[in-house]
Engineer: 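This is the structure I have questions about; it appears just below.
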Amino acid sequence: MKSFITHKITAMLLLLIFVLATAGYAQEKEAEKEAHQGKSDDEIARELANPNNSLASLTFKNQFRWYTGDLPDADDQSNYTLLFQPVFPFSMKPPASGGKANLFVRPAFPLLFDQPTFDAEQGEFDGVTALGDIDFDIGYGVTEKNGFLWAFGMVGTLPTATDSDVAGKQLRLGPGMLIAKFEKWGM
């Protein structure tokens, strides 16, 4: 019964996140359409390749994992994780160098399906389906006209897992920094 309630709560949370993100995305998309009018598909693709771009996005990543190990039946374990990662960029005042500056927020919501957890008392694996801990990064980034990209901010994990067997049970925060150089061949 507890598992059914957990699944129901997880599904409702994901639906709420999807609805809110879709509504925000639609509003942002209209603003982007006006800002990016006249750009070719290639120019927009280049901008999307830049982690400091001004385009909002909704990303769904599919992750399949197969496990090996010394525990009984460890080699028979696998799981699937759906990672939903919206990106919310906010354009900032350009720096004196004339580059493009953004404040960005990127949460990542993992939904674990049949995540193997080992029960030491029973000596076997159980499968857990739950929302995992939410990872995020928040930062300020600048893309210079010469192709240099630099960003700094904060990365972290929120202890939001809906099942204690897959929870990190810690609030983690730390600094984040990025330095990169875009070349014509890489864009």
Side-chain angles (χ1 to χ4, degrees), residues 1-28 48-53 55-90 102-141 151-180:
M1 182 69 172
K2 183 179 176 185
S3 178
F4 175 75
I5 293 170
T6 301
H7 292 292
K8 192 172 184 178
I9 291 171
T10 302
M12 289 171 43
L13 281 172
L14 284 174
L15 181 61
L16 177 65
I17 290 166
F18 179 75
V19 168
L20 291 174
T22 302
Y25 180 73
Q27 291 174 350
E28 184 72 23
L48 284 171
N50 181 346
N52 186 42
N53 73 65
L55 300 174
S57 64
L58 299 174
T59 304
F60 290 91
K61 297 178 182 176
N62 297 295
Q63 301 171 340
F64 296 93
R65 293 187 180 98
W66 291 268
Y67 299 95
T68 61
D70 297 329
L71 295 173
D73 297 323
D75 295 342
D76 296 330
Q77 303 304 310
S78 64
N79 89 306
Y80 165 70
T81 300
L82 174 64
L83 187 67
F84 170 58
Q85 187 172 29
V87 177
F88 304 105
F90 301 94
N102 286 316
L103 174 70
F104 54 85
V105 179
R106 285 189 292 240
F109 304 89
L111 183 56
L112 310 166
F113 291 93
D114 205 25
Q115 174 67 43
T117 58
F118 189 71
D119 185 341
E121 291 177 11
Q122 295 180 4
E124 62 185 34
F125 283 92
D126 292 326
V128 173
T129 298
L131 178 67
D133 290 338
I134 296 173
D135 294 329
F136 66 90
D137 60 328
I138 300 170
Y140 173 80
F152 64 91
M154 174 176 63
V155 296
T157 301
L158 302 173
T160 56
T162 57
D163 191 300
S164 63
D165 288 338
V166 294
K169 301 175 187 169
Q170 296 178 348
L171 172 65
R172 292 173 276 206
L173 296 172
M177 185 176 75
L178 168 70
I179 298 173

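What you see is a predicted model; the values in this text were computed from it and never measured. Position 1 is the first residue of the sequence, and the numbers go up from there.
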Engineer: Is there side-chain contact between V105 and F136, with at least one heavy-atom pair below 4.5 Å?
Structural biologist: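 When only atoms from C-beta onward are counted, F136 and V105 do not touch, as no gap falls below 4.5 Å.
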
Engineer: Which atom names give the shortest non-hydrogen contact between P110 and I134, and what distance separates them?
Structural biologist: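 In terms of heavy atoms, the two residues are closest at CD-CA, 4.3 Å.
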
Engineer: For A130 and D163, which heavy atoms make the closest approach, and how far apart are they?
Structural biologist: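 Nearest pair, atom of A130 first, then D163: CB-CB, 3.7 Å.
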
Engineer: To the nearest 0.5 Å, tell me how far L111 CG sits from Q63 CD.
Structural biologist: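 The distance works out to 11.5 Å.
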
Engineer: Under the 3.5 angstrom rule, does the side chain of N102 hit a backbone N or O of F104 as a donor-acceptor pair?
Structural biologist: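 The answer is no, because no donor-acceptor pair under 3.5 Å joins these two groups.
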
Engineer: Taking side chain to side chain contact (heavy atoms under 4.5 Å, CB included) as the criterion, tell me which of V155, I138, T59, V87 meets it with R106.
Structural biologist: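 That would be V87.
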
Engineer: Quick one: list whatever passes side-chain hydrogen bond (donor to acceptor under 3.5 Å, both in side chains) with T81, sequence neighbours left out.
Structural biologist: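 Result, side-chain hydrogen bond (donor to acceptor under 3.5 Å, both in side chains) vs T81: R65, N79.
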
Engineer: Quick check: do L71 and F125 have side-chain heavy atoms less than 4.5 Å from each other?
Structural biologist: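 The answer is yes; the side chains approach within 4.5 Å.
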
Engineer: Measuring from L171:CG to T157:OG1, what's the distance to the nearest 0.5 Å?
Structural biologist: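 Taking CG in L171 and OG1 in T157, the distance rounds to 8.5 Å.
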
Engineer: Quick check: do E124 and D73 have side-chain heavy atoms less than 4.5 Å from each other?
Structural biologist: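 Side-chain contact under 4.5 Å: no.
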
Engineer: Between D133 (side chain only) and G168 (backbone N and O only), is there a donor and an acceptor less than 3.5 Å apart?
Structural biologist: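 Indeed, once roles are kept as given, a pair shorter than 3.5 Å links the two residues.
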
Engineer: Taking the side chain as C-beta and beyond, is there a heavy-atom pair between F113 and L82 under 4.5 Å?
Structural biologist: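 Yes, their side chains come closer than 4.5 Å.
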
Engineer: Is there a donor-acceptor contact under 3.5 Å from the side chain of T162 to the main chain of L131?
Structural biologist: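 Yes, the answer is positive, given that a donor and an acceptor are paired below the 3.5 Å cut-off.
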
Engineer: For a 4.5 angstrom cut-off between non-hydrogen side-chain atoms, does W66 reach D75?
Structural biologist: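 No, side chains not in contact.
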
Engineer: With a 4.5 Å cut-off on side-chain heavy atoms, are Y80 and N62 touching?
Structural biologist: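 Counting from C-beta outward, N62 and Y80 do come under 4.5 Å.
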
Engineer: Tell me, please, which residues at least two apart from F152 pass side chain to side chain contact (heavy atoms under 4.5 Å, CB included).
Structural biologist: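 Expected list: Y140, W150.
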
Engineer: List the residues meeting side-chain hydrogen bond (donor to acceptor under 3.5 Å, both in side chains) with Q85, not counting sequence neighbours, and say none if there are none.
Structural biologist: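 In terms of side-chain hydrogen bond (donor to acceptor under 3.5 Å, both in side chains), with neighbours along the sequence ignored, Q85 is linked to K61.
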
Engineer: State the CD-OG1 distance between Q77 and T68, to the nearest 0.5 angstrom.
Structural biologist: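 Q77 CD to T68 OG1: 11.0 Å, rounded to 0.5 Å.
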
Engineer: Sub-3.5 Å donor-acceptor pair from the side chain of T117 to the main-chain atoms of D165, do we have one?
Structural biologist: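 Not at all, since once roles are kept as given, no pair shorter than 3.5 Å links the two residues.
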
